[in-house]
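The block underneath contains the structure these notes are about, expressed in structure tokens.
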2 protein chains.
Amino acid sequence: MNLSALRQDFILHFGEMGSRWGINRTVGQVYALLFLADDPLCADDIVAALGFSRSNVSMALKELQSWNLVRLRHKTDDRREFFTTPDDLWEIVRTLIDQRRKREIDPTLTKLRELSMTTPDAADAAAHARIAELRELIEQMTRFHDDLARFETERLVALLNMGAKLGRLVDGAGRLIPIRRTKT
Amino acid sequence: MNLSALRQDFILHFGEMGSRWGINRTVGQVYALLFLADDPLCADDIVAALGFSRSNVSMALKELQSWNLVRLRHKTDDRREFFTTPDDLWEIVRTLIDQRRKREIDPTLTKLRELSMTTPDAADAAAHARIAELRELIEQMTRFHDDLARFETERLVALLNMGAKLGRLVDGAGRLIPIRRTKT
DNA sequence: TATAGATTTCAGAAATTACTGAAATCACGG
DNA sequence: CCGTGATTTCAGTAATTTCTGAAATCTATA
């Protein structure tokens, strides 16, 4: 398979960015290829398009599945596995945020809770307090994320578009500005 | 310098998580050490505490400065450089978000804009549209981030604490629910 | 401008991570 | 349960990243 300049450019960029995003080049390129593909692709399609070894592609697909970033599809009378990315970009964003939280934040929160439980000696009092403060901040942010994660996409997008207007709900000291709802 | 069990545990955790956060073990441990330290530390303090080579610590500090995660301090009549982390955790969170955006998102946005400018041939029409859709979504999110970044911390925390209540501003279809403000 | 302490640079060693090809395993149709 | 094609595993190699020690550079002061 030979790729258009547009696809090549996009795919190479994702390969290069991979390391910054916590995935490797192969995984980045495979994802980019699937993201732009007009139809589901099987592992050998990916090998043909990108030139990685079959086993490397297999690993990359496994990794993408563990991130929940690709969907497995089957065609009738074909036992190969085909892969796609979700059409809905917001679904992809939600998945990315969920997964990064799970990998980058949750283990630290667990550790901070564990450390918060201990009783520090005098020399560690300030450090212990700082750990507790960090734990509380992360708990606050994850609670907020849990709240937002329950919203429908439309509601989320609407809030996003409000942007700076959201600031009018509270004053600079963080006090809620009382509002009264009119009938809709 | 020998570290308490509390500090050791915290520092080792940050070292291990480093790779997931896009920094290396040394940088992670140096940051954790500074984060808990009661007073500013100089490079040799860090060498004594963590056992890395002097040059490695120098690199790590340079890296942390490039992330804007540490502050440089001087003591009178001492020409060594001392380092601290900001006391305000929200300042740290803002820095982390800014820096990750700069490293992980902005280069991709630039690339997507570049690719959006091209005129695709027929076979790339769908891929080009998908790239444009992704670009728009990222632009929307970064605009939102720009808006929020201007808020005072208190305002931000208040919004965070509103959590699910924010959903009441818009209905499930993303339409704004008209509100009328009462006098404060 | 010489010197002494502090910091940085850099080439190579060590450690880690990514990638491959071959062999093993799996899964379905006959 | 055998054969065929698809997929995964795994041991070894390649590539990359991290870390060190020595040398170079910087900077304040005498």
**OP:** On the 0 to 90° scale, with breaks at 30° and 60°, tag the W21(A)-H13(A) ring pair as parallel, tilted or perpendicular.
**Re:**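 Perpendicular: the ring planes of W21(A) and H13(A) meet at over 60°.
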
Residues in side-chain contact (heavy atoms from CB on, under 4.5 Å) with [X], at least two apart?
X	result
M59(A)	none
D77(B)	none
K75(B)	D78(B), F82(B)
T26(B)	N24(B), V30(B), F52(B), N56(B), A60(B)

Under a 4.0 Å heavy-atom cutoff, the residues of residues 8-23 of chain B touching DNA chain D are none

K62(B) side chain near dT7(C) phosphate (N/O to OP1/OP2, under 4.0 Å):
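For K62(B), the contact criterion (side-chain N or O under 4.0 Å from OP1 or OP2 of dT7(C)) is not met.
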
According to a strict under-4.0 Å criterion, is R25(B) in side-chain N/O contact with OP1 or OP2 of dT17(D)?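 Result: no.
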
Under 3.5 Å: donor-acceptor pair, side chain of S116(A), backbone of L112(A) | yes

Ignoring hydrogens and angles, tell me if any N or O in the side chain of R20(A) forms a donor-acceptor pair with the backbone of R103(B) under 3.5 Å.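 Yes; at least one donor-acceptor contact below 3.5 Å.
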
Taking dA18(C), dT7(D), dT9(C) as options, the one with an atom nearest any side-chain atom of N24(A) is dA18(C)

Salt bridge (Lys or Arg N to Asp or Glu O under 4.0 Å) filter on R94(B), not counting sequence neighbours, yields none

Report the residues that fulfil salt bridge (Lys or Arg N to Asp or Glu O under 4.0 Å) with D98(B), sequence neighbours left out, ordered by chain and then residue number.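 Partners of D98(B) by the salt bridge (Lys or Arg N to Asp or Glu O under 4.0 Å) criterion come out as none, since no residue qualifies.
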
Between [X] ([atom1]) and [N] ([atom2]), how many Å, whole number?
X	N	atom1	atom2	answer
I46(B)	dC19(D)	CD1	P	14 Å
Q29(A)	dC19(C)	CD	C1'	13 Å
F52(B)	dA14(C)	CZ	C1'	14 Å
L61(B)	dT7(C)	CG	C1'	10 Å
M59(B)	dG21(D)	CE	P	14 Å

Protein-nucleotides 21-24 of chain C N/O pairs under 3.5 Å:
unit_1: dG21(C); atom_1: N7; unit_2: S55(A); atom_2: OG; d: 3.2
unit_1: dG21(C); atom_1: O6; unit_2: S55(A); atom_2: OG; d: 2.7

Quick check: are there more than 12 heavy atoms from other residues, nucleotides or ligands sitting under 6.0 Å from CZ of R73(A)?
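No, not enclosed.
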
Per the under-4.0 Å heavy-atom filter, residues of residues 74-83 of chain B near DNA chain C come out as R79(B), R80(B), E81(B)

Checklist line | Closest heavy-atom pair and its distance - G163(A), D147(B) | finding: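 What the structure gives for the nearest pair is CA-OD2, 3.3 Å.
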
Residue pairs passing the salt bridge (charged side-chain N to carboxylate O under 4.0 Å, His left out) test with at least one member in residues 106-119 of chain A, sequence neighbours excluded, are R101(A)-D106(A), K111(A)-E114(A), K111(A)-D9(B), R113(A)-E139(A)

Sequence neighbours excluded, every pair satisfying side-chain hydrogen bond (donor to acceptor under 3.5 Å, both in side chains) that has a member inside residues 117-134 of chain B: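 Found S4(A)-D124(B), R7(A)-D124(B), T85(A)-R130(B).
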
Axis-to-axis angle for the helix from dT1(C)-dA30(D) to dG30(C)-dC1(D), ends of five pairs each, to 10°, equals 30°

